[in-house]
Amino acid sequence: MGNLIDLIRSDARYEDSLKACMNCGICTAICPAAEFYDYDPRRICDTVQRGDEEQVEKLLREDTIWYCGQCMSCKPRCPRGNVPGAVINILRKVSQEMGYYKESRMGRQQVALMAGIGNNILEIGYCVHPDKVRPEMHPEQGPAWEWYIKNIKEVAPKFGANYHGKGAGALREICPETMEELRNIFKVTGGMDFHDAILNGGKDD
Amino acid sequence: MANRYWNEYQKNIADDHYYYERSCIRQTFFPGSETAFLKMMQDELGKDIFDDFRLHTCTGIGYHTDVVPLETTMTVVARIFSLMKERGYENLVPSCITSFGVFTEMCHMWQEHPELLEQTRENLYKACKREFDMPKNIAHPSDLIFKYRFELAEKMKYRLVNRFTGKPLNVVEHIGCHYAKLFPDKGVGKAEFPYVLAGMIEAWGGHVVDYPERRHCCGFGFRQYLVQENRGYSVSNTKKKLESMEPYEPDFIVSNCPGCSMFLDRWQYTIAEMEHKTYDREGYGIPVLTYEEMAGLLLGYDPWELGLQIHQVQSERLLDKIGIPYDPKQKYNSASGKILRAPEKPENLLV
């Protein structure tokens, strides 16, 4: 086996995600991403299962693996108990570790996601927060959202929220001790190195 | 015989003493729903549920956008379990469907791979000097409302019935994908017959609409929404659902996932503005409620304290059908009663 196949199969999720694909294609039939993009989870599982290093490397450098929406509708449908959506998680991880994600348009979006969601977690302790859903970046949120953001300090308490307050409650400021522990977890488990690597352009080939 | 088979589709939901974990998405878009849920559990049902200020994100959105590694998410989850242990609780109630899926997945992996559990224990101790146990029970808040739906019904002032026709309201229920598609045996009714919301609707007098795309994803897609240029994926999937449910003339949609509730609401506005198309007859759109909002309204909670005014599809016509009173003057007031200028009106969607 080559390095990429070894890396993929060494992921703890692999055993549960790809047992023995028989190429029936029900994952593709149910897949919302396959309806919208030129995307075929059946072919991805087949490529990974065959273990052809060259084909897998090609896959890791392409847009394809970034099309999945992680709904996991494939999981309960697969007659063999495979999880194509989790195979995607493994492929994306390896693509980022190898720096291949930079070669595809969709892959490069990881930089924006890290600068958004990744930074949110490390800076404020939440993945999403109203302060980060700016109306000018989210026209689809509509005028009701714009009104809420404009008046959030005065309106949020009406809903029982504790906007930027101390103590418990929705939208509370997360205390410094908690943030320190959260960041320590990222440091100890490799999350911080991964965060910095993606924001700094990742590993070169 | 039928009951015996149906019993296999039920899940074990703890009776009391819950540790509540708030949701990044729900608190952002539906803070009134979390408040209403705690009020129902504590005031209406007399249950012990703890809201801990020391919690933080489960990293679920980061995990599914592949910007947070598995080992990191596992250890973050372990810290949450550690806090729960420290507070003396064993039953976890995560507000978010993504968190529910993440907690379930991590526990599953630890059970299947004990070496990962050991590694996580080491990581957590190294990072935080903490120890943890896995929860005895993980239930989504919608599981708890489902479990106690008949007790809540006894306290409700209103039913899901059109007061003008006397007929049950047509309700579309949407289950978040990560509720039962990830681990089917962790959801009421499993992935095939999800009953957690349908059970509430039926118990409270409504009619559950069955339509072809009932189980299709709302289209969040994590990176497919969060990256602006990919949002066509997200709106297309919601549009597919809306087109499929339109002929059944739903009075409203209810969802147990914070993301789904928001997308099914906002994409109706987007489609109305882009294509001049709404999925009701009058041009107002189909109101979308969280299950806490649905339960809260029937219990007589104030619609404006639940936060219905920060949905884009407005709900007054639904409130009128049920017979729920509301004060239009209070709708856009601040918490202190100050009159705030109302939002702009959309160009096409009626409000």
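If you're wondering where the values come from, they're calculated on a predicted model, not measured in any experiment. Proteins get letters first, then strands, A, B, ... in listed order; numbering begins at 1 in each.
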Chemist: Which bit of A:R13 comes within less than 4.5 Å of chain B, counting heavy atoms only: side chain, backbone, both or neither?
Modeler: both

Chemist: Report which part of B:F220 has an atom under 4.5 Å of a heavy atom belonging to chain A: side chain, backbone, both, or neither.
Modeler: neither

Chemist: At a heavy-atom separation under 4.5 Å, does A:E173 approach chain B through its side chain, its backbone, both, or neither?
Modeler: neither

Chemist: Does any backbone or side-chain atom of B:E34 lie under 4.5 Å from a heavy atom of chain A? Answer side chain, backbone, both or neither.
Modeler: side chain

Chemist: Looking only at heavy atoms and a cut-off of under 4.5 Å, which of A:G191, A:C68, A:P76 has the most pairs with chain B?
Modeler: A:P76

Chemist: Counting only heavy atoms closer than 4.5 Å, note whether B:H64 contacts chain A via side chain, backbone, both or neither.
Modeler: both

Chemist: Answer yes or no: does atom CE of A:M22 have more than 12 heavy-atom neighbours from other residues, nucleotides or ligands under 6.0 Å?
Modeler: yes

Chemist: Heavy-atom count around B:K126 NZ within 6.0 Å, excluding the residue itself: above 12?
Modeler: no

Chemist: Please classify the contact between B:E105 and chain A as side chain, backbone, both or neither, with a heavy-atom cut-off of under 4.5 Å.
Modeler: side chain

Chemist: Can you confirm whether B:R341 is buried at CZ, in the sense that more than 12 heavy atoms of other residues, nucleotides or ligands lie under 6.0 Å from that atom?
Modeler: no

Chemist: Apply side-chain contact (heavy atoms from CB on, under 4.5 Å) to A:H164 and A:R172, showing your working.
Modeler: CA-CA 5 Å; A:H164 285 293; A:R172 70 198 177 282; over 6 Å; no

Chemist: Please flag which part of A:E146 lies under 4.5 Å from any non-hydrogen atom of chain B: side chain, backbone, both or neither.
Modeler: neither

Chemist: Against chain B, label A:N120 side chain, backbone, both or neither, depending on which of its atoms sit under 4.5 Å from a heavy atom there.
Modeler: neither

Chemist: Is A:N151 close to chain B through its backbone or its side chain, or both, or neither, when contacts mean heavy atoms under 4.5 Å?
Modeler: side chain

Chemist: Looking at B:L306, B:T98, B:I310, B:L182, which makes the most heavy-atom pairs under 4.5 Å with chain A?
Modeler: B:I310

Chemist: Would you mind checking which part of B:Q228 comes under 4.5 Å of any heavy atom in chain A, side chain (CB onward), backbone (N, CA, C, O), both or neither?
Modeler: side chain

Chemist: Out of A:P157, A:C127, A:G160, return the one with the most heavy atom pairs under 4.5 angstrom to chain B.
Modeler: A:C127

Chemist: Aromatic rings B:F222 and B:H178: how do their planes relate, parallel, tilted or perpendicular, breaks at 30° and 60°?
Modeler: tilted

Chemist: Parallel, tilted or perpendicular, judged at 30° and 60°: which one describes the rings of B:F183 and B:H108?
Modeler: tilted

Chemist: Look at B:M262, B:R26, B:Q119, B:E115 and state which one has the largest set of heavy-atom pairs under 4.5 Å with chain A.
Modeler: B:M262

Chemist: Which residue is it: A:E181, A:E180, A:E177? I am looking for the one with a salt bridge (Lys or Arg N to Asp or Glu O under 4.0 Å) to B:R79.
Modeler: A:E181

Chemist: What part of B:D265 gets closer than 4.5 Å to chain A, counting heavy atoms only: side chain, backbone, both or neither?
Modeler: neither

Chemist: Could you tell me whether a side-chain N or O of B:T238 sits under 3.5 Å from a main-chain N or O of B:V235, the two making a donor and an acceptor?
Modeler: no

Chemist: Do B:K129 and B:Y125 meet the cation-pi criteria used here (NZ or CZ under 6.0 Å from the six-membered ring centre, within 45° of the axis)?
Modeler: yes

Chemist: If we count only N and O atoms by modelled type, under 3.5 Å, do the side chains of B:T290 and B:S33 hold a donor and an acceptor together?
Modeler: yes

Chemist: Where does A:V83 contact chain B at under 4.5 Å (heavy atoms): side chain, backbone, both or neither?
Modeler: neither

Chemist: Taking the six-membered ring of B:Y301, is NZ or CZ of B:K39 closer than 6.0 Å to its centre and within 45° of its axis?
Modeler: yes

Chemist: Tell me, side chain or backbone of B:D302 under 4.5 Å from chain A's heavy atoms, or both, or neither?
Modeler: neither

Chemist: If only atom types and distance count, is the side chain of B:N123 paired as donor or acceptor with the main-chain N or O of B:T75 below 3.5 Å?
Modeler: no

Chemist: Measure distances from B:Q224 to the heavy atoms of chain A and classify the residue's part below 4.5 Å as side chain, backbone, both or neither.
Modeler: side chain

Chemist: Could you check which of B:T28, B:T35, B:T57 has the highest count of heavy-atom pairs closer than 4.5 Å to chain A?
Modeler: B:T28

Chemist: Please state whether the side chain, the backbone, both or neither of B:Y63 comes within less than 4.5 Å of a heavy atom of chain A.
Modeler: both

Chemist: Mind ranking B:V351, B:V68, B:T270, B:V227 by heavy-atom pairs under 4.5 Å with chain A and telling me who comes out on top?
Modeler: B:V227

Chemist: Is chain B contacted by the side chain of A:F194, its backbone, both, or neither, given a heavy-atom distance below 4.5 Å?
Modeler: side chain

Chemist: Between B:K186 and B:T104, is there a side-chain donor-acceptor contact under 3.5 Å, judged purely by atom types and distance?
Modeler: no

Chemist: Keeping the roles fixed (side chain from B:K181, backbone from A:C71), state whether a donor-acceptor pair exists under 3.5 Å.
Modeler: no

Chemist: Relative to B:F50, does B:R87 satisfy both conditions: NZ or CZ under 6.0 angstrom from the six-membered ring centre, and within 45 degrees of the ring's axis?
Modeler: no

Chemist: What part of B:K338 is in contact with chain A, defined as an atom under 4.5 angstrom from a non-hydrogen atom: side chain, backbone, both or neither?
Modeler: side chain

Chemist: With a 4.5 angstrom heavy-atom cut-off, could you sort out which part of B:A78 is near chain A: side chain, backbone, both or neither?
Modeler: neither

Chemist: I'd like to verify something: which residue of A:K166, A:M72, A:M179, A:E15 has the highest number of heavy-atom pairs under 4.5 Å with chain B?
Modeler: A:M72

Chemist: So which of A:V155, A:L171, A:N162 has the biggest tally of heavy-atom pairs under 4.5 Å with chain B?
Modeler: A:L171

Chemist: Measure A:A112 against the heavy atoms of chain B and call it side chain, backbone, both or neither at under 4.5 Å.
Modeler: neither

Chemist: Heavy-atom cut-off 4.5 Å, strictly under: side chain, backbone, both or neither for B:L124 against chain A?
Modeler: side chain

Chemist: Heavy-atom pairs under 4.5 Å with chain A: which of B:T59, B:T73, B:L116 has the most?
Modeler: B:T59

Chemist: Hey, does the side chain of B:H311 reach the backbone of B:V288 with a donor-acceptor pair shorter than 3.5 angstrom?
Modeler: yes

Chemist: Do you know which of A:A161, A:C175, A:G190, A:G167 has the most heavy-atom pairs under 4.5 Å to chain B?
Modeler: A:G167

Chemist: Given that the side chain runs from C-beta out, which part of B:R22 has a heavy atom under 4.5 Å from chain A: side chain, backbone, both or neither?
Modeler: side chain

Chemist: Heavy-atom distance under 4.5 Å to chain A: side chain of B:N237, backbone, both or neither?
Modeler: side chain

Chemist: On the 0 to 90° scale, with breaks at 30° and 60°, tag the B:W110-B:F132 ring pair as parallel, tilted or perpendicular.
Modeler: tilted

Chemist: Ion pair present between B:E86 and B:R130, side-chain N to carboxylate O less than 4.0 angstrom?
Modeler: yes

Chemist: Among A:K187, A:M137, A:K132, single out the residue with the greatest number of heavy-atom pairs under 4.5 Å to chain B.
Modeler: A:M137

Chemist: Between A:F159 and chain B, with a heavy-atom cut-off of 4.5 Å, which part of the residue counts as in contact: side chain, backbone, both or neither?
Modeler: both

Chemist: Counting heavy-atom pairs under 4.5 Å to chain A, which of B:W304, B:W267, B:Y233, B:F29 comes out on top?
Modeler: B:Y233

Chemist: Would you say A:K102 and A:Q96 are linked by a side-chain donor-acceptor pair, where the criterion is simply a distance under 3.5 Å?
Modeler: no

